[in-house]
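Both counts, for ligands and for their atoms, begin at 1 and track the order of listing.
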Amino acid sequence: MNNIQRRGLMYVMSSPSGAGKTTITRSLLKDNDDLTISISATTRKRRAGEVHGQDYYFVTTDEFREMVDNGDMLEHAKVFDNYYGTPRKPVEEALSSGKDVIFDIDWQGTQQLSEIAREDLVTVFILPPARAELEKRLRNRSRDTLESETDIQGRMSKAADEMSHYTEYDYVIINRDVDEAIQKAQLILDAERIKRRRMVGLSDFVRGLKGGL
Ligand code: 5GP
């Protein structure tokens with residue numbers, strides 16, 4: 001099966017902050033050599049521990065605008081008063097080299113990608129198991145970061161808005177247990193990879209099976 005040519009897919013993960021999306025994404029990347037992550041550009045301040053070029057490309061608002069004006073962004077949106085966007089070139093290069101690309105973007109970016117590449121898109125929304133758990137995770141995380149109480153409260157209220165967009169996604173994972181959530185995310189990826197329409201090399205393969213008949 002591995003030698004059948006397949007079109008790369010764009011695997012989008014959205015969730016409110018603190019639902020465990022980063023953990024799930026990192027685990028998928030570790031376990032799937034042919035999966036690569038799209039590193040976004042953002043104008044938000046770097047949090048402690050974040051690395052430029054690894055977590056995000058941290059850019060100024062002018063630099064961000066220039067990228068948008070030059071058509072270098074596949075999608076972009078304003079989230080919590082900051083700009084976020086997906087640089088186009090790395091995604092196109094990864095897809096054309098047969099890799100799948102995972103995106104950690106919000107619902108606005110997902111809508112934009114769906115307008116330009118619906119056929120190649122697989123979208124997953126991750127929900128926290130309960131509101132109290134969401135708040136706990138956000139607070140725990142903020143201990144290691146430079147986030148203020150105002151930032152946290154802002155994220156809690158935005159989480160409610162964000163979660164109303166779950167209806168726009170193909171799949172929903174409720175993150176009760178992280179290992180189980182990772183397993184579900186992997187199952188989705190595996191199933192989507194063998195969708196017939198993505199296996200562009202299938203007709204040649206079957207022709208070979210039929211002995212050219
Ligand atoms: P954070 O600041 O916590 O890293 O991310 C805040 C939100 O911005 C998250 O919901 C994340 O998915 C979203 N986000 C990160 N990068 C992008 C991007 O390139 N485009 C869009 N539309 N949203 C993004």
(request) Identify whether the distance between the nearest side-chain nitrogen and carboxylate oxygen of Glu133 and Lys136 falls below 4.0 Å. (result) yes
(message) So, 4.0 Å and heavy atoms of Glu75: is ligand 1 close enough to count as a contact?
(response) yes
(message) Run Lys89 and Asp72 through salt bridge (charged side-chain N to carboxylate O under 4.0 Å, His left out) and show every step you take.
(response) CA-CA 7 Å; Lys89 208 166 156 224; Asp72 293 340; over 6 Å; no
(message) Which residue and atom name correspond to the protein heavy atom nearest atom 7 (C) of ligand 1, and how close is it?
(response) Val79 CG1, 3.8 Å
(message) Quick check on salt bridge (charged side-chain N to carboxylate O under 4.0 Å, His left out): which of Arg7, Arg6, Lys195 does Asp120 satisfy it with?
(response) Arg7
(request) Using side chain to side chain contact (heavy atoms under 4.5 Å, CB included) as the criterion, list what pairs up with Ser96, not counting sequence neighbours. (result) none
(message) With a heavy-atom distance limit of 4.0 Å, tell me whether Arg47 approaches ligand 1 through its side chain, its backbone, both, or neither.
(response) side chain
(message) Tell me which one of Glu168, Glu75, His165 satisfies side chain to side chain donor-acceptor pair (under 3.5 Å) with Gln111.
(response) Glu168
(message) Any carboxylate oxygen within less than 4.0 angstrom of a Lys/Arg side-chain nitrogen, looking at Arg193 and Asp34?
(response) yes
(request) Taking only heavy atoms of Gly85 into account, list the atoms of ligand 1 that are under 4.0 Å away from them. (result) 18 (C), 19 (O)
(request) Below 4.0 angstrom from a heavy atom of Phe80, which ligand 1 atoms are there? Numbered from 1 as shown, please. (result) 6 (C)
(request) Do me a favour and list the nearest non-hydrogen protein atom to atom 16 (N) of ligand 1 with residue, atom name and distance? (result) Ser40 OG, 3.1 Å
(message) Please list, in number order, the atoms of ligand 1 under 4.0 Å from a heavy atom of Gly109.
(response) 22 (N)
(message) Give the atom numbers and elements of ligand 1 that come within less than 4.0 Å of a heavy atom of Ala77.
(response) 22 (N)
In residues 201-213, what donor-acceptor pairs under 3.5 Å come from side-chain atoms, sequence neighbours left out?
| unit_1 | atom_1 | unit_2 | atom_2 | d |
| --- | --- | --- | --- | --- |
| Asp204 | OD1 | Arg207 | NH1 | 2.9 |

(message) On a heavy-atom basis, I'd like to know which of Trp107, Tyr83, Tyr84 is closest to atom 8 (O) of ligand 1.
(response) Tyr84
(message) Check for me whether Tyr56 has a heavy atom closer than 4.0 Å to any atom of ligand 1.
(response) yes
(message) Using a 4.0 Å heavy-atom cut-off, which part of Lys21 comes near ligand 1: side chain, backbone, both, or neither?
(response) side chain
(message) Can you tell me if Arg196 has over 12 outside heavy atoms packed within less than 6.0 Å of its CZ?
(response) no
(message) Could you check whether any heavy atom of Glu162 sits closer than 4.0 Å to an atom of ligand 1, since that is the contact criterion I want to use?
(response) yes
(request) Check whether the side chains of Gln183 and Asp179 place a donor and an acceptor atom closer than 3.5 Å, and report yes or no. (result) no
(request) Determine whether the side chain, the backbone, both or neither of Gln112 has a heavy atom under 4.0 Å from any heavy atom of ligand 1. (result) neither
(request) May I ask you to identify, for His76, whether its side chain, its backbone, both or neither come under 4.0 Å of ligand 1 on a heavy-atom basis? (result) neither
(request) Report the C-alpha distance between Asp55 and Arg44 in whole Å, list the side-chain angles of each, state the deciding distance to 0.1 Å, and finish with yes or no for salt bridge (charged side-chain N to carboxylate O under 4.0 Å, His left out). (result) CA-CA 12 Å; Asp55 297 289; Arg44 90 145 155 72; over 6 Å; no
(message) Looking only at protein heavy atoms, which one is nearest to atom 22 (N) of ligand 1, and what is the separation?
(response) Asp106 OD1, 2.8 Å
(request) Could you list the atoms of ligand 1 found under 4.0 angstrom from a heavy atom of Arg44? (result) 1 (P), 2 (O), 4 (O)
(message) Quick check on Ser14 - does any of its heavy atoms sit under 4.0 Å from an atom of ligand 1?
(response) no
(message) Within the 3.5 Å criterion, strictly below it, is a donor on Tyr83 or Thr61 matched to an acceptor on the partner's side chain?
(response) no
(message) Heavy atoms only, cut-off 4.0 Å: how does Asp104 contact ligand 1, side chain, backbone, both, or neither?
(response) both
(request) Verify, without hydrogens or angle tests, whether Asp170 (side chain) and Thr123 (backbone) share a donor-acceptor contact under 3.5 angstrom. (result) yes
(request) List every atom of ligand 1 that sits less than 4.0 Å from any heavy atom of Thr86, numbering the atoms from 1 in the order shown and giving each element. (result) 19 (O)
